[in-house]
Amino acid sequence: MIGKYHGTDLMIDVIGDDYRMLQVISRFGITLGFGDQTVAETCKSAGVDLETFLTIVNYLKDIHAPINKLVEHVNLRAIMLYLTNSHTYFVDYKLPAVRRKLIEAIDCSARNQIAFLILKFYDEYAEDVSRHMEYENKHVHPHVENLLRGKLTSESFNTVVNQHSRNHASIEKSISELKNIIIKYYPSDANAQLLNDVLMDIYMVEEDLLTHCHLEDTLFAACVRKLEEEVRKHGGEVVAENQQDKDVRINSTEELSEREKEVIRLVAMGLANKEIAEKMFIAVNTVMTHRRNISRKLEIHSPAGLTIYAIVNGLIRLEDVKL
Ligand SMILES: [Fe+2]
Ligand SMILES: [Fe+2]
């Protein structure tokens, strides 16, 4: 096994070396109380595949290690269980826990519109993450299960992954936006200690999610592609084409134009693209181009985020905001 940790190491020493391994242990379904057992002994008594466990902990220790060497040691069912348990951790535990802290830290009464919008932004973000992870549980993992049974489906792994309603890049971008919005725009009436505490939590969720997505994009994807290749060699059926989104570049300066400010104002008032087009006497496609440019310039993508921006920058009065 390549990497820092080995089966002969004591589990307690692995945790002592890097406390993030506590999360890995729990996501593999290993409970605490393993005394002075080695990693191999702990995995054996918990019924966890040792090679996969070691691959993950070594991968987390050095996420830039060459994947092709690690792929050989991974049991796909074991890594899928690890990923599914991670999804449960994020969706059912961590994101609701951060939400509760956020409510405590910011004044969410009806008087504080910014707090209300930040919470709305957070809820939209958490909803995106939940949808993404549910998609993986319901579509990506069953696709791999089929491959493990030697069956190809009409779509390739790449196609299934690319059908995500929200991809990893947008999930990562949203949490970083949320953090920045709180830091830049939250009024000073918040409880500073609680707000700092929740920000620290958001930073930790961000790091944890980044690692999770990276693991899926690299190690997990490499293992699945290798298996898919093997199944195909042994007489698979149809393979769908991989559709890559084209990156459309639009030239514009970083300052918002008057038209873009108007679009933000109308978004904050709760108007849909079609209604904005009618109000501004422009085509819906033009509205969409404006929105893409606005998102790129401000690095804010959701209506709730744009609304917060509109309020703090005086583009709209609070009473005109559609909550
Ligand atoms: Fe995932
Ligand atoms: Fe994912």
Side-chain angles (χ1 to χ4, degrees), residues 19-29 56 60 63 79-109 112-141 161 163-186 190-191 193-217 220 295 299-308 323:
Y19 68 88
R20 293 175 307 158
M21 301 310 167
L22 269 174
Q23 276 179 336
V24 181
I25 287 169
S26 117
R27 288 171 195 177
F28 267 105
I56 302 265
L60 292 177
I63 60 168
I79 200 174
M80 274 201 293
L81 182 64
Y82 171 81
L83 291 172
T84 309
N85 286 341
S86 306
H87 293 164
T88 308
Y89 167 82
F90 284 118
V91 175
D92 294 345
Y93 172 69
K94 196 64 200 178
L95 290 172
V98 171
R99 187 182 196 272
R100 284 193 295 275
K101 262 194 179 175
L102 191 59
I103 291 176
E104 213 187 320
I106 62 182
D107 172 16
C108 284
S109 64
N112 191 335
Q113 309 272 25
I114 299 278
F116 186 87
L117 287 163
I118 285 176
L119 193 61
K120 197 171 159 200
F121 188 108
Y122 181 82
D123 286 344
E124 282 172 12
Y125 166 73
E127 185 58 37
D128 279 344
V129 175
S130 303
R131 263 201 302 271
H132 172 86
M133 293 183 170
E134 196 182 313
Y135 178 87
E136 289 175 334
N137 290 347
K138 286 193 174 156
H139 299 277
V140 179
H141 293 187
V161 169
Q163 282 167 359
H164 278 188
S165 55
R166 281 286 205 156
N167 59 27
H168 288 160
S170 67
I171 282 181
E172 288 158 13
K173 201 185 286 172
S174 300
I175 193 156
S176 138
E177 254 173 44
L178 170 69
K179 229 172 47 191
N180 291 340
I181 282 174
I182 297 176
I183 294 170
K184 284 188 194 167
Y185 302 130
Y186 196 77
N191 179 323
Q193 275 170 348
L194 282 174
L195 197 58
N196 280 342
D197 197 31
V198 78
L199 274 169
M200 296 286 282
D201 268 23
I202 295 174
Y203 273 103
M204 278 198 275
V205 172
E206 182 183 27
E207 197 186 325
D208 202 0
L209 262 172
L210 268 172
T211 313
H212 175 84
C213 296
H214 195 266
L215 177 74
E216 286 176 333
D217 287 340
F220 177 61
S295 297
E299 296 189 329
I300 299 175
H301 296 79
S302 76
L306 287 176
T307 307
I308 295 168
L323 295 175

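We're numbering straight along the sequence, starting at 1.
The side chain to side chain contact (heavy atoms under 4.5 Å, CB included) check on Asp201 picks up Lys94, Val98, Lys101, Met204, with sequence neighbours excluded. With sequence neighbours excluded, no residue forms a side chain to side chain donor-acceptor pair (under 3.5 Å) with Asn180. For Tyr19, there are no ring pair (Phe, Tyr, Trp, His ring centres under 6.0 Å) partners at least two apart in sequence or on another chain. Partners of His214 by side chain to side chain contact (heavy atoms under 4.5 Å, CB included), not counting sequence neighbours, listed by chain and number: Tyr59, Ile63, Thr218. For the side chain to side chain donor-acceptor pair (under 3.5 Å) test, no residue two or more places apart in sequence or in another chain qualifies with Ser295. Legend: residues meeting ring pair (Phe, Tyr, Trp, His ring centres under 6.0 Å) with Phe28, ordered by chain and number and at least two apart, are Phe53, Tyr82. Under the salt bridge (charged side-chain N to carboxylate O under 4.0 Å, His left out) criterion, Glu104 pairs with no residue at all, not counting sequence neighbours. Take Tyr89 and apply the side chain to side chain donor-acceptor pair (under 3.5 Å) test, not counting sequence neighbours, and it matches Gln23. Residues meeting the salt bridge (charged side-chain N to carboxylate O under 4.0 Å, His left out) test with Lys184, sequence neighbours left out: none. Listed by chain and number, the residues in a side chain to side chain contact (heavy atoms under 4.5 Å, CB included) with Asn85 are Arg27, Leu81 (sequence neighbours excluded). In this structure Asn196 satisfies the side chain to side chain donor-acceptor pair (under 3.5 Å) test with no other residue, sequence neighbours excluded. Residues satisfying the salt bridge (charged side-chain N to carboxylate O under 4.0 Å, His left out) test with Asp123, not counting sequence neighbours, are Arg99.
Between atom CG of residue Leu95 and atom OG of residue Ser130 there is a gap of 6.5 Å, rounded to the nearest 0.5 Å. Within the model, atoms CG of Leu306 and CD1 of Ile300 stand 6.0 Å from one another, a figure rounded to the nearest 0.5 Å. A distance of 4.0 Å separates CD of Glu136 from CD of Glu216, quoted to the nearest 0.5 Å. Atom CD1 of Ile106 sits about 9.5 Å away from atom CG of Leu117, to the nearest 0.5 Å. To the nearest 0.5 angstrom, Ile103 atom CD1 is 12.5 Å from Ile118 atom CD1. Ser176 OG to Ile202 CD1: the interatomic distance, rounded to the nearest 0.5 Å, is 11.0 Å.
Between Tyr125 and Ile171, some side-chain heavy-atom pair lies under the 4.5 Å cut-off. Inter-residue side-chain proximity for Thr307 and Phe121 is flagged as unmet; no heavy-atom pair is nearer than 4.5 Å. Residues His139 and Val161 fail the side-chain proximity criterion, which asks for heavy atoms closer than 4.5 Å. Between Val140 and Tyr135, some side-chain heavy-atom pair lies under the 4.5 Å cut-off. Proximity of Ile56 to Leu215: side-chain heavy atoms (C-beta onward) are separated by under 4.5 Å at one or more points. You'll find the side chain of Leu102 reaches within 4.5 Å of the side chain of Ile182, heavy atoms only.
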Practice prompt. Would you sort out whether His212 and Leu83 count as a side chain to side chain contact (heavy atoms under 4.5 Å, CB included), showing the intermediate values?
Written response: CA-CA 8 Å; His212 175 84; Leu83 291 172; 3.6 Å; yes
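The two residues Arg131 and Asp128 have their closest heavy-atom pair at NH2-OD1, 2.8 Å. The shortest heavy-atom contact between Ser302 and Glu177 is N-OE1, 4.4 Å.
Sparse packing is recorded around CD of Glu207, with 12 or fewer heavy atoms of other residues, nucleotides or ligands lying under 6.0 Å away.
His132 and His87 form no side-chain donor-acceptor contact under 3.5 Å, judged by distance and modelled atom types alone.
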